Trainee: 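Supplied in structure tokens, the structure appears directly below.
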Amino acid sequence: MHGYDHKKIETKWQKAWAKKGLYKTSDKVKGKDNFYLLVEFPYPSGNLHVGHWYAFSVPDILARMMRMQGRNVLYPIGFDAFGLPAENAAIKNRVNPRKWTLGNIEFMKKQIRSMGTSFDWSREILTCDPAYYKWTQWLFLQFFKRGLAYQKETPANWCPKDKTVLANEQVVDGKCERCGTQVIQKEMPQWNLKITDYADRLINDLDALDWPEQIKESQRNWIGRSEGYEIDFPLVFDDGKKYKYVLLHGYTGHASDARWQWIRRELEALGHEVIIPELPNTDDPSEEEQVEVALHATEYDERTVLFGHSLGATVAMKVVEKLTAPISRLVLAGAVVNPRFKDKKRPFEKKFSWRFDPEAIKKNAKSITVLHDPRDYAITEKQRQLIENMLNLKARLCSTTEPHFTGDREPDLLMWLRPTIRVFTTRPDTLYGGTFLVLAPEHPWIKAALQNDGHRKSVISNEAEIQRYVENAAKKTERERQESKEKTGVELMGVKAINPTTGAEIPLWVADYALMGFGTGALFGDAHDARDVAFAKKYGIPLRETIEPLFIQETGLDKIRSDEPFTERNSIHAFVKHWSDEKYMAVHYVPSDINECVSGGIEEGEDAVTAAQREIREETGYSKARFVRKLGNRVHAKYYSVERKKNMFVHFTPLLFQLEDDTQEEISASEKARHEVSWLSKEEVGRFFNRDDIRLGWSRVENDIPYEGKGILFDSGEFSGLTSDEAMPKIGEKFGRLVKHYRLRDWIVSRQRYWGVPIPIIHCATCGPVAVPDKDLPVKLPEVRDYLPDGKGKSPLAKVIKFVQVKCPRCKSSAQRETDTLDTFVDSSWYFLRYTDPKNKKKFADANKMDHWMPVDLYSGGAEHTTMHVLYSRFWQKAMFDLGLVKDKEPYVRRMNRSIILGPDGQKMSKSHGNVIDPDEVVARLGADTVRMYLAFIGPYSEVSSFPWNPDGVVGVRRFLERVWNAGQKLAVQEKRVDALRHILHKTVKKVGDDIIALKFNTAISQLMIFLNAAEKEKKIGKEQWETFLRLLAPFAPHMTDELWHSAGRKRSVHMESWPKYDESLLKDERMTMAVQINGKTRGEVTLASDSDKTVQEQAARSVVATRLQGKNVLRAIVVPGRLVNFVVAD
RNA sequence: GCCGGGAUGUCGGAAUUGGUAGACGAACACGACUCAAAAUCGUGCGAGGCAACUCGUGAGGGUUCGAGUCCCUCUCCCGGCACCA
């Protein structure tokens, strides 16, 4: 036998495997379970780097072992062949992108084959192959037909360098993810996929996935769900008749009814015009008559608010249906859409059609509000649901004075009638403290208010100033705005909002710290948000606190005892300044081991200040404490009182005192024992206090920072005294409604570039966008002369007249083909499905074949795709599921992110660093088996990290393989097994198998090394043992092991052999070494038979440390069988 | 700021999940072979100490017979999100 010639061996076996089709995978093999192992297919950039090796050759170990373990493993490969680099190369070097791409693929395939991976090349797919992209187009059209793909004129991320639009996910820090150019916003018609419809499911379904938390958390953050409440703030104007209210009364009602007249007075007082037509035949009304009167009562225009109560609501809807121009608002209270009264028939039931045209209603009313009181005797829940469904909205729940809105005064009605600004909040518990509104500069209400048609004045009196601010804000990019944390804004003069909780008039401001892209583009400012407080202070806007902090002690001696009631108490925290030094009093309260200030209860008839002065005197003796000031509002705490033996719920008033002099009275011994008093500097005392309630009070001595946390409400009407968590849903429901907002935007898939899948849509002047019929698919990418985009937003395809000019498939009139191409992430959103049936000409994949393989058992890829490809393909799968095209809601059972291989210097590999490792060179020198195995050995594969390439480390692995190679001749391979290796071999079989499944290839390899070390020590090995070892090594070093396997006289490839089994009973050695400890410290060891029992072990251990135990009192001995014996000894 | 993950020799990393910390590899040192070097083989290799022994898993505290592992407080590093109401 000769030296280890990796070149000869590796080419030999790669050819042999290919010739035999060793890795060709059947869809189903009797008696074998399928296993689908997926790695992200590469982009054909032209050259393979170490990262590719890491991505493909290491998971190959798992694929190979799974096969040996009797699984039918699909380990496919292909190329993500569309994309910009091909096109950029085409523009630069005047080559055809297809030729460039296919040439690269040819070269890279050779490189990939040199890895010795067990890819099934018969299933190779190319996304730029018309046979593949036919189905990309077909799937896109299925989405289009279900409204999941739509075209919309939207501001989109435009990369001026790549001259194309990018998805949000492809913009990093405002720059193009690909080329680093600053992205600008450009308004263009774009094809979108409705990924936002799936936002909730994309988040919720993560819970059931057994994926690394990092990946799940990234996706959650990216989708960015925030749950909160939308609350409407009514507006009032200074300039008089801005709105015209038309109020329609109900059955048996009259215009003269007290409540309508009351609302009239209230609205007129706000300067609005009010019209209340008397509807005819109020006791026996008919639709025709009433609608006629209402319709002609006045002119309906964009300033009109139409209100209908009860049957009047029905009339109002009928009126709106008939309008030709939209009105501002339609408000309905106690509305009926389908009357089925059980008790008695009403005469009007048959005189109204009860048929509505919801589309016309929605079209003719810019906004619709439905009011409902759950106690309403006339309107059932069913009725409410009917109208909600019809108009596709949620009713606002009111508490009326008379359930059917029939009280003489109905404040809720009035509240909803006035024009409103809708804000979004996650903290409705602070709503009573909302003292101003902030609108984003892009807020539509401002746009509308600033519109000046020359006839009427804007409602805003400082129009010019607002205009300037809005324009200035528009000039700045989002980044520029965020760079200056200094808040700016302008008050909107001539208009006030009404806080719905208090009825207080509050100012409206435009400020660019409100973002149109989040929530409703408007927020209410309050005293419990640092940003709002900063803004309010800058502009002198009043603030109103409504939350006092509540701390619950959960550690220490004073942690609350569960299941025990709380005793409430009013109390003080007194911070006491020294009479001359810059020092503060620090009290150590002994019974509960608390570091605090002076604290104590307020007794009957006392005020806080006297109580505090008394406590200072009692606890410390100092009698001349001068009151300086109150330190903000109260602070609440729940804790356990060690002295009272009770759970306490205490309301502290934090106060600041200064001693006038050192006058001190004698205090009792018991007080002295309970309180240890000292004087500390500001810094020291800050560190000294170890209870949150005291720290909070203390923080107010220095500065007045707003309290942003949750707590207990005060000055909040009926909700005062509740905790934030209790109050939030209550306040939210009463004044607004629960909504969810997402950061995620729809996925823009149009690309204004050549080298991609043509979007299979035809634009027709009469029919709109029309799907290309299935029979005409694929829409093939035409050849063009010039690949340069025009830079104005049209792809090079737009210049190919033959391609563009087509007949509309529907009406046959002349039409234009869509010339944008699809984002390459669309191609890769379903490629794993195609692998299951790559040659199918009739379907994207056969349902049965997908059943065999999907979902993917393990998907290994790069962390950079967490919020891109992985998210997109999850969405795609869910959309396909909804269309009945696939059976799984999730595409990947298990997903793992791979680490990065750094250069030898620990830097990211790059040409500029000069630290790039060329795998081809290393393979030529040391062999593919060595490179594969080194990469597997470099660190745990399943954890995201980064590993520097260590040239010495590769050589170390090569050394190991050479030792294996030489073992065949140096070790005496004998027929008889070597007993000394028996146990360790079984242990190795178990560990290697377990570790591979856990993707801990590094420890599997170290176990193989341990075994070889042991065998070398013995200088001999049994033939069967040797062959077992070769089978264990086969997944790691497939070429060498097959060579050795054959030279051991075997005819079949080692990769067709089955994985060795281990005997549970042989995992333990016959003799074992146990540690002997005294008080947990190792003092010796003892070796004895593995099956010895506990008492034997203890006795053996005792004799080992006998001298040390002499004269000591052994309290007890802890025996952990097989591990250690620990003697607990008294000093 | 919020959320997630992490920190172990000179380096990459192990540690049966509470049981002898540092497996395996690399680097380094010494020895053998050699005229010599490389390769190979052998030995050593956390720190301090002649030794007995002491200390040691980012820092501090706690629980436990026993803590890298569990609990509390803090520091730093990596990742995601962020004037997000």
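The analysis underlying the following values was restricted to heavy atoms, covering all of them including side chains, and did not include hydrogens, waters or symmetry mates. Below, chains carry the letters A, B, ... as their sequence lines are ordered, and counting in each starts from 1. Since this is a predicted model, take the numbers as computed values, not measurements.
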Trainee: Indicate, with a heavy-atom threshold strictly under 4.0 Å, whether A:K991 touches base, sugar-phosphate, or nothing.
Mentor: nothing
Trainee: Of the candidate nucleotides B:A23, B:G12, B:A85, which contains the atom at the shortest distance from the side chain of A:I938?
Mentor: B:G12
Trainee: In whole Å, I'd like the distance from the CD atom of A:Q1007 to the C1' atom of B:G13.
Mentor: 16 Å
Trainee: Between B:U20 and A:R1083, is there an OP1 or OP2 to side-chain N/O distance shorter than 4.0 Å?
Mentor: no
Trainee: Ion pair present between A:R691 and A:D693, side-chain N to carboxylate O less than 4.0 angstrom?
Mentor: no
Trainee: Closest approach to the side chain of A:I1010, judged atom by atom: which nucleotide of B:C83, B:A23, B:A85 is it?
Mentor: B:A23
Trainee: Where the side chain of A:Y513 is defined as all heavy atoms beyond and including C-beta, which of B:A21, B:C83, B:A27 is the nearest nucleotide?
Mentor: B:C83
Trainee: May I ask you to evaluate whether A:K987 reaches the phosphate of B:A23, defined as a side-chain N or O under 4.0 Å from OP1 or OP2?
Mentor: no
Trainee: A:K1000: which residues meet the side-chain hydrogen bond (donor to acceptor under 3.5 Å, both in side chains) condition with it, sequence neighbours left out?
Mentor: none
Trainee: How is A:S1006 classified with respect to the nucleic acid when contacts are heavy atoms under 4.0 Å: base, sugar-phosphate, or nothing?
Mentor: base
Trainee: May I ask you to test the A:L523-A:D532 pair for a side-chain heavy-atom distance under 4.5 Å?
Mentor: yes
Trainee: Let me know, please, whether A:K1017 or A:E962 comes out on the 5' side of the other along RNA chain B by nearest nucleotide.
Mentor: A:E962
Trainee: How far, in whole Å, is B:C77 from B:C45 if one measures between their C1' atoms?
Mentor: 29 Å
Trainee: Consider only side-chain N and O atoms of A:D526 and A:T546, and report whether a donor and an acceptor are under 3.5 Å apart.
Mentor: no
Trainee: Check side-chain contact (heavy atoms from CB on, under 4.5 Å) between A:R963 and all other residues, then give those that pass, not counting sequence neighbours.
Mentor: A:L1012, A:N1013, A:E1016
Trainee: Determine, for A:E1098 against A:K1094, whether the closest basic-nitrogen to carboxylate-oxygen distance falls under 4.0 angstrom.
Mentor: no
Trainee: Students often get this wrong, so: under 4.0 angstrom with heavy atoms, is A:S945 touching a base, only sugar-phosphate, or nothing?
Mentor: sugar-phosphate
Trainee: Rounding to an integer number of Å, can you tell me how far A:M868 CE sits from B:C81 P?
Mentor: 10 Å
Trainee: Consider the side chain of A:M1009, meaning its heavy atoms from C-beta on, and name the nucleotide among B:C81, B:G25, B:G13 that approaches it most closely.
Mentor: B:G25
Trainee: Which part of the nucleic acid, if any, lies within reach of A:G956 when heavy atoms closer than 4.0 Å are counted: base, sugar-phosphate only, or nothing?
Mentor: sugar-phosphate
Trainee: Using whole Å, what does the distance between atom P of nucleotide B:C78 and atom CD of A:Q907 come to?
Mentor: 13 Å
Trainee: For salt bridge (charged side-chain N to carboxylate O under 4.0 Å, His left out), just list the numbers for A:E217 and A:R220, CA-CA rounded to whole Å, side-chain angles, deciding distance to a tenth of an Å, and then say yes or no.
Mentor: CA-CA 5 Å; A:E217 197 56 29; A:R220 284 190 201 107; 2.8 Å; yes
Trainee: Using whole Å, report how far CZ of A:R745 lies from C1' of B:C84.
Mentor: 11 Å
Trainee: Among B:A85, B:G19, B:A27, which nucleotide sits nearest the side chain of A:L1124?
Mentor: B:G19
Trainee: Considering only the C1' atoms, how many Å lie between B:G6 and B:U69, rounded to the nearest integer?
Mentor: 14 Å
Trainee: Can you pull every protein N or O that's under 3.5 Å from an N or O on nucleotides 2-5 of chain B?
Mentor:
unit_1	atom_1	unit_2	atom_2	d
B:C3	O2'	A:E217	OE2	2.4

Trainee: Would the A:F436 and A:W509 ring centres measure less than 6.0 Å apart?
Mentor: no
Trainee: Suppose you measure atom P in B:C11 against the same atom in B:C84; what distance do you get, rounded to whole Å?
Mentor: 40 Å
Trainee: Work out how far the C1' atom of B:A51 is from that of B:C41, and round it to whole angstrom.
Mentor: 33 Å
Trainee: How long is the line joining NE2 of A:H443 and P of B:C84, in whole Å?
Mentor: 18 Å
Trainee: Donor-acceptor pairs are to be reported for all side-chain atoms of residues 937-945 of chain A against protein atoms at under 3.5 Å, with residues two or more places apart or in another chain.
Mentor:
unit_1	atom_1	unit_2	atom_2	d
A:Y941	OH	A:Y54	O	2.7

Trainee: How close or far is atom P of B:U20 from atom CD of A:Q1097, stated in whole angstroms?
Mentor: 14 Å
Trainee: When the distance from OH of A:Y934 to P of B:G25 is rounded to whole Å, what number comes out?
Mentor: 15 Å
Trainee: For the pair A:D725 and A:K710, find out whether any cationic side-chain nitrogen is under 4.0 Å from an anionic carboxylate oxygen.
Mentor: yes
Trainee: Which listed nucleotide (B:G13, B:C83, B:A26) is nearest to the side chain of A:P940?
Mentor: B:G13
Trainee: With rounding to the nearest 0.5 Å, note down the distance linking CZ in A:R958 to CG in A:D952.
Mentor: 15.5 Å
Trainee: Taking the minimum atom-to-atom distance to the side chain of A:N950, which one of B:U54, B:A26, B:G80 wins?
Mentor: B:A26
Trainee: Under a 4.0 Å threshold between the charged nitrogen and the carboxylate oxygen, would A:R894 count as salt-bridged to A:D210?
Mentor: no
Trainee: Using the C1' atom on both, measure B:A23 against B:G13 and round to a whole Å.
Mentor: 10 Å
Trainee: Determine the Euclidean distance between corresponding P atoms of B:C55 and B:G61; express it in Å to zero decimal places.
Mentor: 14 Å
Trainee: Does NZ or CZ of A:R932 fall inside the cone over A:W53's six-membered ring, less than 6.0 Å from its centre and within 45° of the axis?
Mentor: no
Trainee: For B:G25, does OP1 or OP2 lie under 4.0 Å from any side-chain N or O of A:N1013?
Mentor: yes
Trainee: In whole Å, what separates the P atom of B:U73 from that of B:A27?
Mentor: 44 Å
Trainee: Counting any heavy atom closer than 4.0 Å, what does A:F424 reach on the DNA or RNA strands: base, sugar-phosphate only, or nothing?
Mentor: base
Trainee: Checking A:Y4 against A:N966: is there a side-chain donor and acceptor pair closer than 3.5 Å?
Mentor: no
Trainee: NA contact type, A:R958, heavy-atom cut-off 4.0 Å: base, sugar-phosphate, or nothing?
Mentor: nothing
Trainee: Could you go over nucleotides 59-67 of chain B and give all protein N or O partners under 3.5 Å, atom names and distances?
Mentor:
unit_1	atom_1	unit_2	atom_2	d
B:C65	OP1	A:R1116	NH2	3.2
B:C65	O2	A:N1126	ND2	2.3

Trainee: Using a 3.5 Å limit on both distances, find every run of at least three consecutive Watson-Crick or G-U pairs that involves RNA chain B.
Mentor: B:1-7 with B:75-81, B:10-12 with B:24-26, B:28-32 with B:40-44, B:46-48 with B:53-55, B:58-62 with B:70-74
Trainee: To the nearest Å, how far apart are A:I984 CD1 and B:C24 C1'?
Mentor: 12 Å
Trainee: Among B:G12, B:A85, B:C83, which nucleotide sits nearest the side chain of A:T425?
Mentor: B:A85
Trainee: Heavy atoms under 4.0 Å, any strand shown: does A:G434 hit a base, just sugar-phosphate, or nothing?
Mentor: nothing
Trainee: OP1 or OP2 of B:U40 versus the side-chain N and O atoms of A:R959: is any pair under 4.0 Å?
Mentor: yes
